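Below: one structure, written as structure tokens.
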Amino acid sequence: MAEKITPRNQDYSRWYTDLILQAQLADYSPVRGCMVLRPYGFALWENLKNALDRRFKATGHENAYFPLFIPMSFIQKEAQHVEGFSPELAVVTHGGGKELEEPLVVRPTSETIIGEMYSQWIQSYRDLPVLINQWGNVVRWELRTRPFLRTMEFLWQEGHTAHATHEEAEAETRQMLEVYADCAINEAAIPVIPGRKSESEKFAGADTSYSIEAMMGDRRALQSATSHSLGQNFAKAFDIKYLDRNNELQYCWTTSWGLSWRMVGAIIMVHGDDQGLVLPPRLAPIQVVAVPIYKTDEERGGVMGAIEKVEAALGESVRLKVDDRDEYSPGWKFNEWELRGVPLRIEVGPRDVAKEQVVLARRNRPGREGKTFVPLSGLASAVTDALTVIQNEMLQTAIEFRDANTYHPTDYESFKEAVSKGFALTWWCGEIACEDKVKEETKATTRCIPFDQPGGTGECIVCSGVAEEVAIFARAY
RNA sequence: CGGGAUGUAGCGCAGUUCGGUUAGCGCGCACGGUUCGGGUCCGUGAGGCCGCCGGUUCAAAUCCGGCCAUCCCGACCA
């Protein structure tokens with residue numbers, strides 16, 4: 001753990017992997033492109049998962065589980081879908097020592113097998129809507145991988161719903177994007193921009209795709225979650241039909257929406273600094289770490305007594321860890337817990353015991369600035385207040401960073417400069433040709449067409465044609 | 001799949017040019033002591049198919065051939 005973290009301005013991507021490995025979120029595995037999620041990383045993912053799951057339940061969804069294996073023929077039923085996913089499928093051709101009659105695909109996503117089941121479960125308008133979510137893993141044969149951001153196997157959730165009308169499906173799609181945005185902003189302290197994907201960027205098989213887009217610490221964009229309005233594409237491919245009130249057979253309208261452990265990567269890159277992780281209090285596996293400081297046995301007794309009072313005062317209200325390891329010095333522990341991103345540290349030394357106080361040190365304000373003295377008597381509320389303050393400050397800092405690096409270019413030259421150093425929010429005519437030109441010349445792509453639009457029309461930044469909407473262009477992960 | 005690089009202790013590396021006793025160093029690990037309000041210091045010790053297979057040689061981490069793996073840069077991507 002004594003290794004140094006590569007500074008961000010020296011090599012951002014090494015900084016990123018240094019943090020993941022040294023903070024023990026994850027490790028590389030013997031399998032190329034697959035990572036091991038270590039307990040600390042899993043705890044972070046679990047907290048995110050619980051925060052999302054609460055919201056899913058609150059909006060009427062239930063969890064279920066569908067098979068890992070999907071018959072090859074299922075994938076081929078929806079034309080766009082097969083075209084989009086074929087290059088990255090893992091396929092099982094043998095089982096039990098025999099060649100399979102039909103190869104099985106390891107799911108890259110589950111629209112097809114869930115669609116197949118929905119076609120059996122749905123008969124009547126009375127069966128609708130069907131609102132199911134699945135927590136699981138999927139596999140996509142990626143050529144270049146990075147921990148959390150792009151791994152061959154990843155953990156995620158995928159919601160799949162079926163509705164009687166287009167309007168209802170569209171409302172569901174938008175609602176779930178809102179859920180993601182709310183979770184990103186209020187749990188992960190990541191400001192995200194919700195919007196619509198361009199035609200070229202949308203999900204294989206969707207009518208319309210929506211996403212939330214976030215700016216990372218290197219000013220590149222990360223698509224943090226997506227929600228798709230699938231129209232009747234999958235309903236027609238899988239024969240998902242119902243009888244309406246007039247006894248007429250109708251195809252369902254379906255949706256799907258997903259968020260993966262990629263969000264953990266976003267948390268790292270949005271909040272982390274050169275000392276290590278900075279985790280938002282609401283999701284941090286350890287919210288508060290208490291570090292005792294002493295020299296003699298006598299001091300130890302007094303300090304540990306005070307630590308017990310800290311534990312009693314905080315009770316179950318926060319996720320507290322007491323670092324009573326004897327083999328490390330306090331300074332060593334400070335550095336380690338800062339590396340691991342614990343939002344709030346409590347220091348208790350002999351001087352504090354004498355004054356019946358403790359030191360609170362806030363992770364998001366390094367050094368002396370983030371340290372305050374708090375009397376033991378009012379500790380519980382001081383700690384919960386501090387956690388709230390940290391959560392809010394982290395979001396505020398991230399908003400300011402994003403806004404400071406978002407440009408509104410009005411000519412192509414300044415546009416090119418803008419996407420080389422941040423987000424460009426500007427008029428776009430909607431033509432793929434313009435997107436392609438931008439991509440070729442700058443490596444930037446349209447991230448989304450934000451819901452928040454200025455109105456009116458403008459000149460497309462690329463071709464100067466009439467544009468009715470503004471889009472975010474950026475280099476993306 | 002194209003271009004570049006690297007495989008030596010758990011991790012990071014030196015040694016390979018020009019073959020030669022017992023393969024080193026730092027960190028980490030174990031033990032003892034010392035220290036403890038911002039990564040203490042000292043001592044002792046454990047730990048190695050030198051990526052794999054083959055060849056040359058009295059002798060290979062070192063030379064030759066093949067293979068494998070990983071990383072970086074490009075084309076595709078939650």
Side-chain angles (χ1 to χ4, degrees), chain A residues 1-6 11 13-14 17-18 21-22 27-33 83-89 107-110 137-146 148-158 180 197 200-204 206 209 211-214 221-228 256-266 275-276 291-297 299-300 303 323-339 345-355 357-359 361 366-368 370-371 373 439-440 443 445 476-477:
Chain A
M1 195 95 36
E3 304 104 288
K4 286 282 176 284
I5 299 168
T6 307
D11 185 340
S13 102
R14 280 208 31 207
T17 47
D18 281 355
L21 297 176
Q22 291 180 37
D27 205 350
Y28 287 100
S29 80
V31 183
R32 183 191 78 83
E83 189 186 324
F85 281 103
S86 285
E88 48 185 7
L89 293 180
R107 64 181 168 215
T109 178
S110 302
N137 57 342
V138 288
V139 168
R140 298 180 187 178
W141 212 263
E142 301 290 354
L143 299 176
R144 287 198 59 182
T145 59
R146 305 190 71 191
F148 290 112
L149 301 181
R150 183 167 301 108
T151 45
M152 294 221 307
E153 179 190 10
F154 57 93
L155 297 186
W156 75 341
Q157 59 67 220
E158 48 180 324
Y180 289 145
K197 281 289 185 183
S200 61
E201 294 280 333
K202 77 181 188 187
F203 175 76
S209 286
S211 72
I212 50 173
E213 301 284 334
L222 184 75
Q223 175 174 304
S224 308
T226 48
S227 185
H228 313 291
S256 69
W257 25 277
L259 181 148
S260 76
W261 68 17
R262 175 179 261 198
M263 184 61 92
V264 173
Q275 306 302 314
V291 178
I293 299 160
Y294 50 81
K295 294 189 184 76
T296 62
D297 276 352
E299 284 178 350
R300 183 177 200 279
V303 167
D323 187 353
D324 55 3
R325 291 175 296 178
D326 215 20
E327 62 270 31
Y328 294 110
S329 67
W332 196 95
K333 292 175 184 177
F334 294 170
N335 282 286
E336 186 187 35
W337 292 116
E338 281 168 11
L339 163 63
R345 180 176 69 239
I346 297 180
E347 303 172 12
V348 185
R351 296 206 292 270
D352 304 308
V353 173
K355 296 184 198 164
Q357 65 171 26
V358 300
V359 177
R368 218 165 268 283
K371 286 200 184 190
F373 299 92
K439 188 173 183 182
E440 189 168 321
K443 293 180 181 169
T445 50
Y477 275 97

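Letters A, B, ... mirror the listed sequences (proteins, then strands); counts begin at 1. Because the structure is predicted, anything quoted here is derived from the model rather than measured.
- The base-pairing partner of B:G19, taking Watson-Crick or G-U wobble contacts with both distances under 3.5 Å, does not exist among the strands shown.
- In plain terms, the two heavy atoms of A:Leu222 and A:Ala266 that are nearest each other are CD2-CB, 3.6 Å.
- Across all strands shown, B:G47 forms no Watson-Crick or G-U wobble pair with both key distances under 3.5 Å.
- Nucleotide B:C72 holds its P atom 12 Å from the CG atom of A:Asp18, rounded to whole Å.
- In this structure, A:Leu259 reaches neither bases nor backbone, as no heavy-atom distance under 4.0 Å exists between it and the strands shown.
- Nucleic acid contact for A:Gln223: sugar-phosphate only, since backbone atoms but no base atoms lie under 4.0 Å from a heavy atom of the residue.
- Going from atom CZ of A:Arg107 over to atom C1' of B:A78 covers 15 Å, rounded to whole Å.
- The same atom, C1', is picked in B:G55 and in B:A46; the two are 37 Å apart, to the nearest Å.
- Pairing each heavy atom of A:Gly33 with each of A:Thr145, the nearest pair is CA-OG1, 3.5 Å.
- When all heavy atoms of A:Val138 and A:Thr109 are compared, the pair lying nearest together is CG1-N, 3.9 Å.
- Residue A:Lys371 places no side-chain N or O under 4.0 Å from the OP1 or OP2 atom of B:G37.
- Using a 4.5 Å heavy-atom cutoff, the side chains of A:Arg262 and A:Gln223 are in contact.
- Taking side-chain N and O atoms only, A:Arg144 has a distance below 4.0 Å to OP1 or OP2 of B:G74.
- The CG atom of A:Asn335 sits 7.0 Å away from the CD atom of A:Gln275 when rounded to the nearest 0.5 Å.
- B:G54 and B:C64 make up a base pair, with Watson-Crick or G-U wobble contacts both under 3.5 Å.
- Expressed to the nearest 0.5 Å, how far CD1 of A:Ile5 lies from CG of A:Leu339 amounts to 4.5 Å.
- Contact annotation for A:Thr151: base contact, defined as any heavy-atom pair under 4.0 Å involving a base atom.
- In this structure, the aromatic ring of A:Trp156 is not positioned over the six-membered ring of the base of B:A78 within 5.5 Å between centres and 30° between planes.
- Counting to the nearest Å, the P atom of B:C73 and the NZ atom of A:Lys443 are 10 Å from each other.
- Put simply, the side chain of A:Phe334 reaches to within 4.5 Å of the side chain of A:Arg345, judged on heavy atoms.
- Regarding A:Phe334, its CZ atom lies at a distance of 14 Å from the P atom of B:C36, rounded to whole Å.
- Base-pair partner of B:G74: B:C1 (Watson-Crick or G-U wobble, both distances under 3.5 Å).
- Of the nucleotides present, none pairs with B:U34 by Watson-Crick or G-U wobble criteria with both distances under 3.5 Å.
- Between A:Val353 and A:Val348 there is a side-chain heavy-atom pair separated by less than 4.5 Å.
- Here the shortest heavy-atom pairing between A:Thr226 and A:Ser211 reads CG2-CB, 4.0 Å.
- Summarising the geometry, the separation between CG on A:Leu89 and C1' on B:A78 is reported as 15 Å, rounded to the nearest angstrom.
- The residue A:Gly258 sits apart from the nucleic acid: no heavy atom pair falls under 4.0 Å.
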Within the sub-3.5 Å range, which N or O atoms of nucleotides 3-9 of chain B have a protein N or O partner, and how far apart are they?
none

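- Across all strands shown, A:Val138 has no heavy atoms under 4.0 Å from either base or sugar-phosphate atoms.
- The gap from the C1' atom of B:A69 to that of B:U8 amounts to 15 Å, rounded to the nearest Å.
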At a cut-off of 3.5 Å, list every protein nitrogen or oxygen paired with a nitrogen or oxygen from nucleotides 40-43 of chain B, distance to 0.1 Å.
unit_1 : atom_1 : unit_2   : atom_2 : d
B:U40  : OP2    : A:Ser329 : OG     : 2.4

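- Note: CD (A:Glu213) to P (B:A78) measures 10 Å, nearest angstrom.
- In the interface, the side chain of A:Glu336 is not paired with the base of B:G39 through any donor and acceptor atom under 3.5 Å apart.
- Along RNA chain B, the nucleotide nearest to A:Leu143 and the one nearest to A:Asp352 differ in position, and the one closer to the 5' end is contacted by A:Asp352.
- Residue A:Phe203 is out of contact with every strand shown, counting any heavy-atom pair closer than 4.0 Å.
- Following rounding to the nearest Å, A:Leu21 (CG) and B:C27 (C1') show an atom-to-atom distance of 16 Å.
- Under the Watson-Crick or G-U wobble criterion, with both distances below 3.5 Å, B:C13 is paired with B:G24.
- Across all strands shown, B:U6 forms a Watson-Crick or G-U wobble pair with B:A69, both key distances being under 3.5 Å.
- As rounded to whole Å, 14 Å separates atom P of B:U35 from atom OH of A:Tyr294.
- A donor-acceptor contact under 3.5 angstrom links the side-chain atoms of A:Arg345 to the base of B:G38.
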